[in-house]
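Accompanying notes for the structure given below.
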Amino acid sequence: MLNTVYRLVAPGRFEVEFSDVKLDKNTTIVRPTHMSICHADQRYYQGLRPPAVMRQKLPMALIHESIGTVIWDGSGEFRSGERVVMVPNTPVDEDSVIAENYRRSSRFRSSGYDGFMQDMIDIRPDRLLRIPDSVDPTVAAFTELVSVSTHAIRRMQHIAHERRQVIGIWGDGNLGFLTALICRYMLPSSTLYIFGLNRSKLMDFSFADEVFLTTEVSEDIHIDHAFECVGSEGSRSAIDQIIDLISPEGTIALMGVSENPVAINTRMVLEKGLRLFGSSRSGVDDFKKTLELYRDNPELVDELHRIVGFVVPVRSIDDMKRAFELDRQSGSGKTVMVWEA
C-alpha cells in the first residue's frame, strides 16, 4: 500500500515523499484526522535547533500529537472507523527499571523518526488507545501533551514526601496550564498556586486557589513541592524563585525544555535537602490515566478548550505552512490542524 508522507526538508519547507505500508497481523493503519502543533515542531520548522541537530534529524515528518480513525487492523484489536489517539513513543526493548519514554533505544515520532504528517500511519496496535466519544476531537488532538503533565504528576506522587498541602506551578503557558489543571484533579486536596509573567494568561487559571505574578511574590509564601513549566531562557529565574520559596526537603519537577545549560543554586538545594527530577514525554500508562480523567471528569475536558487557538483545515502543503505560521505568530494556545491532506 502506497502512503504519502509530508516531510520537513529545511526550515519552512515541506516536500512530498512516498513510502510503502505493509499489512500484517502486527500492524494497524490509522488515518490521521486532527494534529496539534507542539513547540518542538516549531523549533524544527523555524530552524531554531542547533545546525548539527537539524542536519541529523531532517528530512522528517513532524507532529507527535495526533488522533485518527482506524482504517485496517491486522491484530483484530480495533474495528475500522474507531477513533484512537496515537502514542508517539515506540519502545523496542523491555526494561523492568527504566520507563519506556526514557529508554535510549525507544523511537519517538517527530524526533529522529517520521511523525504523523502522513496520509496513513503504520503503527503497532499497542500504541493506540480508544478515545471516549464525548471528547471533542479538537481537544483530543493534544492528548499527548496532557499526558506529559499526567506523567510528571504521577512521578511527583511517587518521589515527593507526603506533605502536599501547597503545590506551586511556574509557567503560564500551555504546559503550565495543563499541569495545573491535571494537578487539580489528581491532587484535589492540595492548595494550588500558579506563578507567571502574564496577568491576562493567569486569569485562565480560574480553578487554582491563587495566582501570582512572579515579579510580585511575597517572601511569606511557602510551598511544599513545585513544577517548573517555563523552559528556555526563563528557566533560571523560575528555578531560583522555586528554590527560594520551597520548604525544606521539597521536590521540584523540571519540565521546561531549554536548549542551553541552566545555572542552579546548588548551595540552597543542598542546604534545604531538595529533590530535583526531570520529566519528559510519556508512555502508554500515562495516556491511559489521561483518558480515564477525561471519562470521569467532563468538566476537565471543558477547561481544555481554553487553550485551543487556531483550528486550521489542511488540504495542501500551503495549508500546512499557513498553520505553522499562524501558530508561530500566536505565541500561545494550541493550533490544531484538521487533516484533510
Side-chain angles (χ1 to χ4, degrees), residues 38-40 89 97-102 142 144-197 205 207-212 214 217 221-259 261-266 268-270 272-283 285-287 289-290 293:
C38 174
H39 286 313
N89 190 61
V97 175
I98 310 300
E100 65 171 71
N101 47 311
Y102 297 114
F142 52 87
E144 189 275 340
L145 182 57
V146 184
S147 75
V148 170
S149 295
T150 303
H151 172 70
I153 296 165
R154 294 178 72 205
R155 296 193 75 202
M156 177 71 79
Q157 290 176 313
H158 177 72
I159 295 170
H161 63 65
E162 65 275 11
R163 183 180 297 165
R164 301 168 185 177
Q165 295 173 350
V166 181
I167 304 295
I169 295 175
W170 269 254
D172 50 28
N174 295 333
L175 183 60
F177 179 88
L178 294 174
T179 303
L181 182 61
I182 301 302
C183 263
R184 182 79 292 164
Y185 289 90
M186 291 183 66
L187 300 170
S189 61
S190 298
T191 297
L192 195 58
Y193 289 171
I194 314 299
F195 300 81
L197 287 171
F205 293 77
F207 50 84
D209 293 284
E210 288 195 58
V211 299
F212 303 91
T214 54
V217 177
I221 293 173
H222 297 285
I223 58 173
D224 296 308
H225 308 290
F227 294 86
E228 178 272 315
C229 304
V230 177
S232 298
E233 298 306 316
S235 290
R236 178 174 181 173
S237 59
I239 295 170
D240 277 348
Q241 192 168 59
I242 292 170
I243 291 171
D244 286 344
L245 299 181
I246 198 167
S247 296
E249 295 205 47
T251 297
I252 304 169
L254 303 177
M255 300 175 66
V257 177
S258 302
E259 291 289 344
V262 177
I264 292 177
N265 184 356
T266 55
M268 290 307 298
V269 170
L270 302 180
K272 288 188 172 183
L274 303 179
R275 297 180 180 91
L276 282 72
F277 71 89
S279 189
S280 177
R281 298 177 178 170
S282 60
D285 288 343
D286 304 303
F287 275 77
K289 178 61 178 179
T290 301
L293 290 168

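All heavy atoms count here, side chains included; hydrogens, waters and symmetry mates do not. As the structure is a prediction and not an experimental result, all values here were calculated from the model.
Across Ser280 and Asn101, no two heavy atoms sit closer than the pair O-ND2, 2.9 Å. When every heavy atom of Gly278 is checked against every heavy atom of Tyr102, the shortest pair comes out as O-OH, 3.9 Å. Scanning all heavy atoms of the two residues, the minimum distance from Ser232 to Ser258 falls at N-OG, 3.0 Å. Residue Gly234 comes nearest to Ser237 through the heavy atom pair O-OG, 3.2 Å, listed as atom of the first residue, atom of the second, then distance. Nearest heavy-atom pair, Gly283 versus Glu100, reported as atom, atom and distance to 0.1 Å: CA-OE2, 3.4 Å. Considering all non-hydrogen atoms of both residues, Ala238 and Val230 come closest at CB-CG2, 3.7 Å.
With values rounded to the nearest 0.5 angstrom, Ser147 atom OG is found 11.0 Å from Asp285 atom CG. If you take OH on Tyr185 and CD1 on Ile153, they are separated by 12.5 Å, rounding to the nearest 0.5 Å. Here the CG-OG distance, from Leu145 to Ser282, works out to 9.0 Å after rounding to the nearest 0.5 Å. Interatomic distance, Leu192 CG to Ile223 CD1, rounded to the nearest 0.5 Å: 11.0 Å. Between the CG atom of Asn265 and the CD1 atom of Ile239 there is a distance of 11.0 Å, given to the nearest 0.5 Å. Rounding to the nearest 0.5 Å places CG of Asp286 at 11.5 Å from CD1 of Ile182.
For Lys289 (side chain) and Thr150 (main-chain N/O), no donor-acceptor pair under 3.5 Å exists by modelled atom type. Ser190 places no side-chain N or O within donor-acceptor distance of the main-chain N or O of Gln165, the cut-off being under 3.5 Å. Using a distance-only test at 3.5 Å, with no hydrogens or angles considered, no donor-acceptor pair links the side chain of Tyr193 to the main chain of His222. Looking at Arg164, its side chain does come within 3.5 Å of a backbone N or O of Gln157 through a donor-acceptor pair. Side-chain atoms of Glu228 come within 3.5 Å of backbone atoms of Gly256 as a donor-acceptor pair (strictly under, hydrogens ignored). In this structure, the side chain of Asp224 does not engage the main chain of Ile167 through any donor-acceptor pair within 3.5 Å. In this structure a side-chain-to-backbone donor-acceptor pair under 3.5 Å is missing from Lys272 to Gly250. Side chain of Gln241 to backbone of Thr214: a donor-acceptor contact under 3.5 angstrom is found. No donor-acceptor pair under 3.5 Å is formed between the side chain of Thr179 and the backbone N or O of Gly176.
Heavy-atom neighbours of Glu259 CD from other residues, nucleotides or ligands within 6.0 Å: above the threshold of 12. The environment of Arg155 atom CZ is dense: over 12 non-hydrogen atoms of other residues, nucleotides or ligands sit within 6.0 angstrom.
Using a 4.5 Å heavy-atom threshold, the side chains of Ile243 and Ile252 count as touching. Looking only at side-chain heavy atoms (C-beta outward), Phe195 and Cys229 stay at 4.5 Å or farther from each other. Here the side chains of His151 and Arg281 are not in contact, with every heavy-atom distance at 4.5 Å or above. Leu276 is listed as a side-chain neighbour of Ile264, based on a closest heavy-atom distance under 4.5 Å. Between Phe142 and Asn174 the shortest side-chain heavy-atom distance does not fall below 4.5 Å. Proximity of Ile169 to Cys183: side-chain heavy atoms (C-beta onward) are separated by under 4.5 Å at one or more points. Residues Ile194 and Asp172 fail the side-chain proximity criterion, which asks for heavy atoms closer than 4.5 Å.
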Glu249 vs Arg163, test: side-chain contact (heavy atoms from CB on, under 4.5 Å). Steps then yes/no. CA-CA 10 Å; Glu249 295 205 47; Arg163 183 180 297 165; over 6 Å; no
Trace of the side-chain contact (heavy atoms from CB on, under 4.5 Å) decision for Leu274 with His225: CA-CA 10 Å; Leu274 303 179; His225 308 290; over 6 Å; no
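Relative ring orientation between Phe207 and Phe177 is described as perpendicular, the plane-to-plane angle rising above 60° on a 0-90° scale split at 30° and 60°.
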